[in-house]
Structures are given as C-alpha cells and as structure tokens.
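Beneath this line is the structure, given in structure tokens, with notes to follow.
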Amino acid sequence: MPGFTKNFIPQKNFNYRPERFNVLSSGGGTQSNAIICLIHAGVLPKPDIIVMSDTEREASNVFEYQRQYIAPLCEEMGVEYHIIPKSKYATYDLIGSDEDTPLPGYFTEYEGRDIRGQCAGKQPAFCSIKWKTEVIHRFLNERFGEKYLTERGVDTWLGISIEEAHRRAKFPPGKWQRRYPLIEMMMTKQMAIQCVEDYGLPTPPASLCWMCPNRDDDLWLFMKNNVPEDFARACAHEKEIQKLWPHLWLTKYGVPLAEAPLKPSGGKNTQMDLIQFCDSGQCFV
Ligand code: SF4
C-alpha cells in the first residue's frame with residue numbers, strides 16, 4: 001500500500017464544491033497522477049468520477065503506467081475510473097470541419113522559413129478540444145444524463161500546476177466549469193513529480209500523443225531513444241500528412257523527423273514554449 005513518507009501538506013486547501021458534480025479529467029501525466037495520489041491519501045476529496053480520453057495516438061508507455069499503478073489506486077479508493085476511446089465520441093479525427101486544415105498544430109512552412117531555415121509558422125490547434133474536451137462532455141452526458149448534469153453543474157478538475165497557470169482557460173459561468181486543484185494548492189510540476197515518487201510510484205511518463213507537434217527536442221529525443229516504435233510511427237505520420245499538406249512538419253526544423261537536428265535543452269525546460277499551443281489545457285498534465 002503506497003503512502004507519503006514526507007510531509008506533503010499543501011500550502012493552501014482546494015475549495016471543493018460538493019454540490020456540483022466533480023470530475024477529474026486526467027491527462028495521464030505527472031500532474032494528474034499526483035492529484036490521484038493526493039485523493040488516495042485523503043489530502044484531496046474524492047471526485048464523483050475520474051476520466052481520461054484516449055486520443056488513440058497516446059504514447060504507448062502511458063497506458064501501461066495507468067493500468068499498473070493508477071487503476072489499482074482508483075479501485076482501492078472506490079472512485080470510478082474510465083479511459084474513453086476517442087473514436088466512440090469524437091466527430092473528427094485528423095481533419096475537422098474545415099477540410100483544408102488538420103486539427104493538430106503542425107509546424108508550417110506556408111509562412112516561409114526564418115534565417116535558420118526553420119519553419120516560420122505553426123498551425124492553429126483544435127485537436128485537444130475535439131479529442132478530449134468534447135469526448136469527455138459527451139461521455140458524461142451519456143453516462144449521467146444531460147439534464148442531471150445541467151441541473152447540478154460540473155466542476156472539471158485539470159492538473160495544470162502553478163507555473164503553468166497561464167494555460168487556464170476562461171470558461172463562462174454555467175454547467176461546465178474548470179477547477180485547478182494544484183494551482184489552488186500552490187503546487188508546481190516538480191512538487192507533483194516528488195509527490196508521485198514519494199507516494200511509492202515510479203516517475204510517470206510524459207503524457208501526450210506520439211505525433212504531437214508540441215513536443216520539444218528533449219521529448220522527441222526521449223522517444224527516439226526509449227520508445228523507438230512510437231518514434232517510427234511519428235516519422236510515418238509526418239510522411240502521411242505530407243501527402244495532403246506537403247508544407248506541414250512535426251518539428252520546427254522543417255526536415256523529416258528522422259533527420260531533425262534534435263538537441264537536448266540541458267534543463268532549460270523548452271517545453272513551456274510549446275505547451276501554450278495546446279488548445280484545451282488537457283494535454284501534458
Ligand atoms: S495537443 Fe498534442 S497531445 Fe494534445 S491532443 Fe493534440 S496532438 Fe495530442
């Protein structure tokens with residue numbers, strides 16, 4: 001049975017609203033797993049349900065971690081945990097309502113290249129809203145009834161940590177509202193990692209799609225060296241999208257992924273420059 005060995009008392013409490021329906025929207029990554037450890041430890045209250053949308057392009061090591069370490073915690077504390085296949089509820093896959101534009105925010109040379117020869121632009125992204133937010137809303141409406149959820153209102157908890165507070169989306173008052181337990185408790189991503197490790201679980205893998213154009217060089221290099229089958233899928237995906245959109249690339253370098261001059265950042269956390277392009281705030285958490 002896992003448990004904290006150090007003192008993980010948050011600096012501030014989470015303002016729980018039990019009159020509303022509470023759902024933890026897990027991204028399957030470090031911060032979401034930390035929230036689940038905090039619930040299991042009784043530091044956070046139990047939500048009504050925990051859900052994770054499977055984009056069906058999720059990095060392959062993420063679900064193994066969920067199956068091995070997270071699902072048993074949820075079962076032990078008696079909270080329903082569902083991994084929802086995106087294709088069951090999403091209306092779009094790669095191509096949205098505008099048939100000329102794919103949903104992910106690929107790098108584009110449509111706006112030219114800069115003096116280093118790198119792509120000058122990036123496509124707007126809608127994948128996270130279409131593959132996660134809408135999927136989870138449809139699943140919850142189907143599972144609990146639209147009328148019930150509308151009357152009660154839904155607080156969706158997301159694992160954005162305090163240094164990423166700019167990722168919070170403005171949601172109008174009403175049925176679907178967003179809550180950020182880690183921000184309310186003043187927790188950073190580093191604290192979330194320590195929280196999971198101190199709870200006796202291995203360091204969780206980064207959670208994002210294997211073809212996500214918002215990976216920084218460190219994450220691409222990790223995948224290339226440690227999950228080569230995912231890296232090969234990403235290389236093939238880039239070639240596939242270029243059959244329709246020859247100007248799109250997975251990295252800023254604007255060369256085939258297998259040849260991209262990926263460089264480790266040396267701990268500079270360049271990921272922060274790219275996660276701003278996630279449209280819903282539900283990825284990388
Ligand atoms: S932003 Fe990246 S990780 Fe999130 S759904 Fe889109 S491709 Fe997947």
Side-chain angles (χ1 to χ4, degrees), residues 25-33 51-63 65-66 83-98 101-108 119 121-139 156 158-161 164 166-169 178 189 204-224 227 230-242 244-245 248-252 257 260 270-285:
S25 169
S26 169
T30 305
Q31 290 104 317
S32 301
N33 294 327
V51 292
M52 176 177 170
S53 175
D54 172 10
T55 64
E56 294 159 338
R57 292 189 178 85
E58 192 66 50
S60 49
N61 46 355
V62 168
F63 288 118
Y65 191 95
Q66 295 299 301
I83 294 180
I84 311 159
K86 163 243 212 176
S87 54
K88 194 165 172 205
Y89 295 96
T91 39
Y92 303 112
D93 186 34
L94 271 188
I95 303 177
S97 53
D98 174 1
T101 315
L103 294 179
Y106 299 112
F107 286 89
T108 173
C119 294
K122 205 166 184 300
Q123 296 270 118
F126 304 100
C127 45
S128 188
I129 285 177
K130 296 292 176 196
W131 298 351
K132 295 189 175 182
T133 311
E134 293 185 1
V135 165
I136 290 170
H137 287 185
R138 287 181 191 130
F139 166 80
T156 303
L158 294 182
I160 292 177
S161 44
E164 300 174 357
H166 58 278
R167 299 184 67 203
R168 285 175 293 188
R178 292 199 164 184
K189 182 171 183 177
S207 164
L208 67 171
C209 297
W210 44 257
M211 38 51 77
C212 181
N214 298 330
R215 282 173 182 273
D216 68 358
D217 283 15
D218 291 330
L219 285 173
W220 282 120
L221 282 169
F222 179 87
M223 191 167 86
K224 187 175 184 178
V227 202
D230 279 0
F231 191 75
R233 283 199 285 181
C235 292
H237 177 84
E238 189 179 58
K239 286 192 185 122
E240 202 55 39
I241 59 166
Q242 287 176 342
L244 279 175
W245 304 285
L248 297 183
W249 299 92
L250 286 186
T251 68
K252 64 186 176 187
L257 177 58
T270 49
Q271 194 58 56
M272 289 297 281
D273 300 337
L274 288 170
I275 56 178
Q276 57 171 310
F277 293 106
C278 168
D279 48 316
S280 79
Q282 286 176 289
C283 304
F284 302 84
V285 290

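Side-chain atoms are counted along with the backbone in the values below, which use heavy atoms only and exclude waters and symmetry mates. Atoms within a ligand are numbered from 1 in the order they appear, just like the ligands themselves.
Residues Asn33 and Gln66 come closest through the heavy atom pair OD1-NE2, 3.1 Å. Contact detail for Arg167 and Gln282: the closest heavy-atom pair is NH2-N, 4.4 Å. Shortest non-hydrogen contact noted between Thr108 and Cys119 is O-CB, 3.3 Å.
Counting atoms of ligand 1 from 1 in the listed order, those under 4.0 Å from a heavy atom of Cys283 are 1 (S), 3 (S), 4 (Fe), 5 (S). Every atom of ligand 1 with a heavy atom of Trp131 under 4.0 Å away is listed here by number and element: 5 (S). Atoms of ligand 1 found under 4.0 Å from any heavy atom of Leu208 (numbered from 1 in listed order, with element): 3 (S). Residue contact check: Asn214 has heavy atoms under 4.0 Å from atoms 1 (S) of ligand 1. The ligand atoms of ligand 1 that sit less than 4.0 angstrom from a heavy atom of Cys127 are 1 (S), 5 (S), 6 (Fe), 7 (S).
Ring geometry, His237 versus Trp210: the interplanar angle exceeds 60°, so the pair is classed perpendicular (tilted spans 30 to 60°).
Both the backbone and the side chain of Cys209 come within 4.0 Å of ligand 1, judged by heavy-atom distances.
With a cut-off of 2.8 Å, atom 2 (Fe) of ligand 1 has an N, O or S atom of Cys212 in range.
Side chain of Ser32 to main chain of Gly159: no donor-acceptor pair is present (N/O by atom type, distance under 3.5 Å, no hydrogens or angles).
Donor-acceptor pairing under 3.5 Å is recorded for the side chains of Gln31 and Ser161.
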